[in-house]
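All chains are named by letter (A, B, ...) in the order of the sequence lines, taking the proteins before the strands, and each is independently numbered beginning at 1.
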Amino acid sequence: MTEVMEFWNAFRPALGSALVLVGAVLAVIGTVGVLRFPDFYTRLHAASVTDTAAATLAIVGMALLAPSLAIVVKLAVVWLFLFLTGPTSSHALANAAHTAGLQPMIGRLGEDDGGSQ
Amino acid sequence: MTGFEGATLAIDLLNITLLTILFVVAIAIARLRSLFAIVMLSGIYSLVSATWFVALDAVDVAFTEAAVGAGISTALFLGAMVLTSRTAKAEKGATKIVPLLVVIATGAMLIYATIDLPGFGDPNSPANTGVGVDFLERTYPEIAIPNVVTAVLASYRGFDTLGEVGVVFAAGLAVTLLLGFGERSLGATVRREDRESTPNKDETES
Amino acid sequence: MIGVAALALIIAIALMLVRALSGPTLYDRVLAVNSLGTKIILLLGVIGFLTGRPDFLDISILYALINFVATIAILKFFRYRSFQVSLTRRDRGGSQ
Amino acid sequence: MGYFLGLITVLIALWLGLSWDYSLKPVIASLGAVSIVLSAVLAYRFDILDREGSPYGRLIQLMGYWLWLIVEIFKANWVVIKACLRSTLDINPALVKVKTGCESDLARTVFANSITLTPGTVSVEIEGDKILVHALYEEAAGPGAFDEMDRRSREASDGRRKS
């Protein structure tokens, strides 16, 4: 049992840093999507990658790096807030844009226009 | 102090990038004419500067900046925007040059003043040798609050803080009265909504 | 490695700034501010770990709350010109 | 009263978790007690102490749902990440009306928020039992795509009695 704990304690910081790094890279990917996608509604989808996967991975990684339980609790609270408020603000944004009459692009897009216009 | 290898380098790079972002946002705020975009960008500005304060170890300032700069002032700017127009007028001629000169002169003076400052975290600087050490030693046994800044603000100079809170409260009250977040604007909104169901003027901006 | 993560996050912030600066509609800007807020929440935590003082997570929590309230306030404002109107439809009373 | 007790319990847990102060020194503990009581009284005066404001009675079921949802979120993330990184833009956005079997407001909120939380789909508008969904790929929001999520969110927040 002690060997398992020792291995875990040696392995934990590396795993935590790796998860934080993966989360940060996912945030960059989501941002690239926000820059590339053609209209507001599709950008909303790309932004939600940051809100969900990137935030979860980075926070789990930080929890593995955390020196004490108090910090894990705080990270859990941050994660909970993000997951409770994220969809609400996304929905409010989409709803406000739709109510104001912003029409989404429908149908297959791509091939001809590749950049963010 | 630093928890990981290479942390100092990363923090230096972080400081430089954050300052660059602040610079870009400030230039954009000065150049843009759409007031809504300016309000959004000023929210981003105070948010990024709050992050920068954290990187500089000034956590309490960062707290204030995040709460007041990014939260309250964005709302107040939006409230003020309703009373004015949507786009700013372009300045012309001398009004463009004079503020720039003033800002450059002030910045030069500030940079000149930093030459005299002691190094960052210097243990022999006046702030760290005089009364500061005394506060650090006595605060926790006397007041039992771990954060020294909070203890000084709320206890040692509590009356001063009380006066400040009174001033801020009066200012907030005055702003609320002037902008009319209360019944007046609510009534106006309801009346306007009866006339037209959805606002359609605002979905795009120039 | 965690320093690299911080730099990657700040690159994401800088890229998102491009969207906030250029965003054609108002909603793109609000989206950019909201998403930038999420990244800064993560960055604040990472900076805390980088400097070895993760107690700074309090600011992350504060900012998570302020980001949400500010987004809702901005949207509400642009729909109704006031902070005191409920965002839900008025003609349809929700079943309790 | 159960809602009130649930709220108080959660507030106490939140305060202890955030302050991490179990020594119960009079100054700090009294500040915490005042903040908890103030929050609870405000919640009572705002009249939000109901099934939605304090849904802790179904905490275990909602937790189980949440675990399932996280797996779904990661699957959906993969699709959107691929869409972000493809060299030529290849997306197929669509607006779809989804009918939900959820009856209570809590279940509908859970369902609509789950749709929004999964990358690739965003709930745009809710009218009665129909939810207008904007999807990044039309195939991902085809008929029947949300059936399992609908069923699970209904069971998690309302129990089986209504199905």
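Looking at B:L41, the atoms closer than 4.5 Å to chain C (heavy atoms on both sides) all sit in the side chain, from C-beta outward. Residue contact with chain C, scored on non-hydrogen atoms closer than 4.5 Å, involves the backbone and the side chain of B:L18 alike. There is no contact between B:V39 and chain C, counting heavy-atom distances below 4.5 Å. At a 4.5 Å heavy-atom cutoff, the contact between C:V30 and chain B is made by backbone and side-chain atoms alike.
Checked against B:L47 for a side-chain contact (heavy atoms from CB on, under 4.5 Å), the options C:I41, C:N67, C:L36 give a single hit: C:L36.
C:I66 and B:A66 get closest at one heavy-atom pair: CD1-O, 3.4 Å. Contact detail for C:L7 and B:A10: the closest heavy-atom pair is CD2-O, 4.3 Å. Contact between C:I47 and B:A55 at its shortest, heavy atoms only, is CG2-CA, 4.1 Å.
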So B:M40 and C:I74, side-chain contact (heavy atoms from CB on, under 4.5 Å) or not? Walk me through it. CA-CA 9 Å; B:M40 291 287 94; C:I74 291 165; 3.1 Å; yes
Checking side-chain contact (heavy atoms from CB on, under 4.5 Å) for the pair B:T51/C:I13: CA distance, chi angles, key distance, verdict? CA-CA 12 Å; B:T51 318; C:I13 289 170; over 6 Å; no
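Within a 6.0 Å radius of CZ in B:F77, no more than 12 heavy atoms belonging to other residues, nucleotides or ligands are found.
Of the listed residues (C:I11, C:V69, C:D28, C:I40), the greatest number of heavy-atom pairs within a distance under 4.5 Å of chain B belongs to C:I40. Across C:V33, C:I10, C:L65, C:L17, the residue that shares the most heavy-atom pairs under 4.5 angstrom with chain B is C:I10. Between chain C and the options B:A28, B:A67, B:A62, the largest number of non-hydrogen pairs under 4.5 Å is found for B:A67.
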